[in-house]
Amino acid sequence: MDAVEHSPNTPLEYQTETGRLNILGFWIFLGAEIALFSTLFATYFVLDGRTAGGPVPADLFEVKGVLIETFLLLTSSFTCGLAIHYMRRHSLKGLVLWIGITLALGLSFLGFEIYEFIHYIHEGAALTTSAYWSAFFVLTGTHGAHVAMGIAWIALILIQLKQRGLTPDTSRKVFISSLYWHFLDVVWIFIFTAVYLLGMVM
Amino acid sequence: MANNEQTHSHFPWSHVIGFALSIILTLFALWVGFESGLSNTMIIVVVVALALFQAAIQLLMFMHISESEDSKYQVGTILYSLFIAVAVVAGSIWVMSFGMDHMHMPM
Amino acid sequence: MKWDEFFVTGDPLIYGADVSIALTLIGVIFVLTYFKKWKWLWTEWLTTVDHKKLGIMYVIAAVLMLFRGGVDALLMRAQLTVPDAGFLDSTHYNEIFTTHGTIMIIFMAMPFLIGLMNVVIPLQIGARDVAYPFLNAVSFWTFFMGAMLFNISFVIGGSPSAGWTSYVPLAGLELSPSVGQNYYLLGLQIAGIGTLLTGINFLVTILKMRAPGMTLMKMPIFTWSTLITCVIIIFAFPVLTVALALMTFDRLFGSHFFTLMDGGMPMLWANLFWIWGHPEVYIVILPAFGMFSEIISTFARKTIFGYKAMVYSMVVIAGLSFLVWVHHFFTMGAGGAVNSFFSITTMLIAVPTGVKIFNWLFTLYKGRIRFTSAMLWSLAFIPNFVIGGVTGVMLAMAAADYQYHNTYFLVAHFHYVLISGTVYACFAGLHFWYPKMFNHRLNEKLGKWTFWIFVAGFNLCFFPMYFLGLAGMPRRVYTYGAADGWMSLNVLATMGGILMGIGFLILVYNIYYSFRYSPRETTGDPWDGRTLEWSTAAPIPFYNFAHVPEVKGHDAYWIAKKEGTDKIKKPYKPIHMPSNSGVPIIMSTFFFISGFGMVFSWHWMSIAGLIGVLATMVMRSFDYDKGFYVSVEEIEKLEQTTK
């Protein structure tokens with residue numbers, strides 16, 4: 001749409017009407033996502049401890065694996081922030097580099113999470129084992145599915161960056177996907193705290 | 001727009017500080033959980049507070065929630081989500097414990 | 001699976017439905033082909049992103065669903081008229097009250113209101129379309145495909161039968177092994193996507209696309225009510241999404257969220273369902289309040305009384321609506337503290353609602369009232385809604401609720417709020433904004449016949465139910481004994497139901513009659529309206545406003561008419577408009593295919609459907625279409641043909 005009423009210093013993604021509308025809309029969508037994850041957390045807490053005589057979380061959770069996953073995701077959130085930093089300095093190279101690193105970290109996180117899930121299932125804790133494990137797998141699995149979606153989405157935007165370079169349209173897409181990525185890190189912080197940390201301590 | 005390129009210095013300080021803080025807060029939460037010797041209730045309170053602090057860092061330092069002309073709507077959305085989150089999570093726990101605290105009773 | 005397991009067989013009613021569905025389809029295809037209308041249908045309607053056309057499609061779909069839900073209701077009334085009736089067996093009766101409730105709430109009330117919002121809101125705020133026209137089309141088509149998926153359960157696979165609330169364990173795999181419950185889960189899930197997108201879309205539209213000068217406190221009340229409704233939708237619908245997904249996991253993949261075994265908690269479903277379900281009540285009532293406010297103000301020829309109180313009461317309702325959900329299951333026995341808390345919040349939420357009632361009354365006070373059909377519905381709403389509201393406060397008292405729970409008292413209560421609130425508003429809004437949609441009015445005489453017969457029928461149908469409830473008649477029973485003594489009141493209720501059906505038929509006839517004989521609009525302002533939608537031309541150009549209007553207060557158009565600034569002509573500028581797109585209907589069709597596969601656990605089909613959904617999303621991501629500009633010459637040409 002029209003590219004009027006902005007100072008030359010306005011970041012590219014805010015320069016068009018579409019850019020401003022979509023960024024606000026995405027923040028509101030994140031509000032809906034918070035409600036979605038809140039419901040999953042509520043379910044998890046209500047079903048916490050209902051292991052029906054099967055494996056309990058404290059037996060299976062390990063600090064090391066969880067910490068690796070956490071640091072991978074925290075770092076990816078940082079590198080994603082750096083990507084936006086370079087985008088705002090009009091450095092396509094810096095942007096693509098840091099997004100690439102972000103995607104690599106995200107993929108490693110997914111790899112570790114899948115490995116962790118397989119390990120639990122091997123130890124006799126699956127979706128069908130008990131209410132607790134149903135809640136665990138659906139909460140962490142929904143987050144994992146979001147991460148997978150994010151990786152695919154950002155990869156598509158990378159292609160568009162290669163095709164079109166930095167424009168108000170592509171930078172809007174990069175910025176919105178970065179919001180999504182940071183948000184997934186926020187969700188993980190709460191999963192780390194409420195599921196793993198308290199699951200091991202309590 | 002509050003945040004234009006002048007406020008972006010050459011080196012991304014705010015990102016680095018945010019990243020360092022999130023690592024420190026994570027490790028601190030871990031220490032509180034395993035080594036601090038606090039009561040279970042206190043551990044829950046402290047680690048949840050730390051998580052909220054980390055979330056605020058992400059929102060402010062990485063996601064630039066306060067930068068655009070619509071920042072009041074964005075902040076309002078997140079604050080209202082927080083209200084919903086508390087209502088849904090705390091409400092469900094309270095209601096489904098049938099008003100008592102047997103959340104952690106072995107089934 | 002054999003074909004006789006796939007199709008529902010053995011009931012003459014359903015064979016009749018099969019035949020009529022097949023004949024209707026053949027008829028539609030024949031008419032479209034004979035008159036060479038396929039291309040017109042595709043380019044003008046199926047691929048449109050115009051909010052007015054999407055709104056019209058929403059309303060048409062909602063009226064069709066009202067017909068289906070109404071037939072369900074009449075079948076139930078037929079069965080309950082006399083004791084020990086054999087018209088329907090228990091299973092069939094269970095299916096019918098389930099589909100009646102689900103369709104009326106999800107596929108009738110919401111789309112009807114959202115349809116009217118679609119038509120009116122951009123016009124009312126002086127915008128040329130919504131913030132995301134493409135998403136708006138996705139919203140409509142996902143709603144439509146969700147509704148279709150739910151409705152085909154009737155002839156393919158069997159209907160759900162666990163009530164619209166689908167409480168477990170009844171709705172679980174052991175007690176509802178048929179695919180009917182899966183239809184409920186998937187149909188609502190797909191339609192829910194559309195509702196959430198509508199919430200985001202209209203919230204951003206109202207926040208960002210208002211005409212210059214229209215500050216938040218100068219917005220029309222219907223716009224305010226839509227804004228608040230959107231906020232509730234955005235935060236309530238994700239809860240339903242999760243609840244439905246968890247039950248789907250329980251039924252299809254063997255998880256234990258709501259099961260009786262292995263630690264599951266059946267009442268957790270009720271908890272999650274009503275965390276969404278109570279805000280949902282306000283999602284379907286707040287837009288109704290907004291419409292009544294506009295109509296009462298227009299036909300009392302006064303500005304709305306207590307504008308600020310109206311706005312703040314809705315803000316309070318939006319917050320409180322998330323804090324009252326347990327009153328739907330006081331009898332679970334959550335304990336004194338829990339029930340007391342939710343009892344008090346429930347009574348509190350009646351206060352802002354009461355404030356609004358007084359505001360409407362004071363708007364009427366000393367007004368020069370014109371008794372149009374739209375106004376009659378709004379006037380009947382006030383006393384009828386008060387009856388529903390007051391009995392709601394009776395139900396809010398947790399201790400007393402143990403007596404009312406699951407009786408016809410409750411049935412009477414929620415029909416009194418939902419019909420005299422939402423349905424009256426849909427009819428009022430339809431009569432009021434009909435000229436904006438179809439460029440002619442509905443016939444007033446027929447409109448008044450509809451009104452009197454429907455309102456008389458409604459009160460005759462549901463008022464006796466309060467007494468049936470107090471006499472102990474439980475809801476959701478397919479029959480009762482002669483010794484229960486419930487027959488005379490049930491006969492009255494059935495007579496009322498028939499009257500409501502007749503009222504609906506007159507409305508449908510009115511739509512046909514007005515299409516044929518009603519004079520076409522010439523001014524675009526048939527009611528001497530107060531808000532900006534009445535300043536648009538007749539017929540309304542696709543870009544809505546040749547000039548973006550300037551707003552000086554609420555009742556912006558009224559002020560402009562008084563000051564004579566509504567006729568000023570300025571030079572035109574090119575107008576930017578979005579392009580049509582076939583992606584929304586194709587994407588939603590893939591959602592339908594995926595959902596259908598999941599209903600029958602044909603995972604190859606559900607995965608293929610999902611891949612289709614993702615592929616259309618990728619297509620959309622690579623589509624850099626920026627819409628088009630309407631040139632000044634084109635605007636001049638169009639503006640001469642209107643008004």
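Residue numbers begin at 1 in each chain, while the letters A, B, ... track the order of the sequences.
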Please output the side-chain donor-acceptor pairs of residues 42-56 of chain B that fall under 3.5 Å, not counting sequence neighbours, one pair per line with the distance.
from	atom 1	to	atom 2	distance (Å)
B:Gln54	NE2	B:Thr26	OG1	3.0

Run the side chain to side chain contact (heavy atoms under 4.5 Å, CB included) test on C:Phe342 and B:Val95 for me, step by step, so that the C-alpha distance in whole Å, both residues' side-chain angles and the decisive distance to 0.1 Å come before the verdict. CA-CA 10 Å; C:Phe342 285 94; B:Val95 171; 3.8 Å; yes

Just checking heavy atoms, which of [range] are less than 4.5 Å from chain B?
{"range": "residues 238-251 of chain C", "value": "none"}
{"range": "residues 192-203 of chain C", "value": "none"}
{"range": "residues 267-283 of chain C", "value": "C:Met267, C:Leu268, C:Asn271, C:Ile275"}

Got a second to check how far C:Phe235's CZ is from B:Phe83's CZ, nearest 0.5 Å?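 That separation rounds to 10.0 Å.
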
Is it true that, when you exclude C:Tyr312 itself, more than 12 heavy atoms of the residues, nucleotides or ligands shown sit nearer than 6.0 Å to its OH?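 No, the 6.0 Å shell around OH holds no more than 12 heavy atoms from other groups.
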
Please say whether more than 12 non-hydrogen atoms of neighbouring residues, nucleotides or ligands are located less than 6.0 Å from CE in C:Met261.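 Not buried by this count: 12 neighbours or fewer within 6.0 Å.
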
Taking side chain as everything from C-beta outward and backbone as N, CA, C, O, which of these in C:Met265 sits under 4.5 Å from a heavy atom of chain B? Side chain, backbone, both or neither.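 Only the side chain of C:Met265 comes within 4.5 Å of chain B.
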
So which part of C:Leu207 gets closer than 4.5 Å to some heavy atom of chain B, the side chain, the backbone, both or neither?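 For C:Leu207, the contact with chain B is made by backbone and side chain together.
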
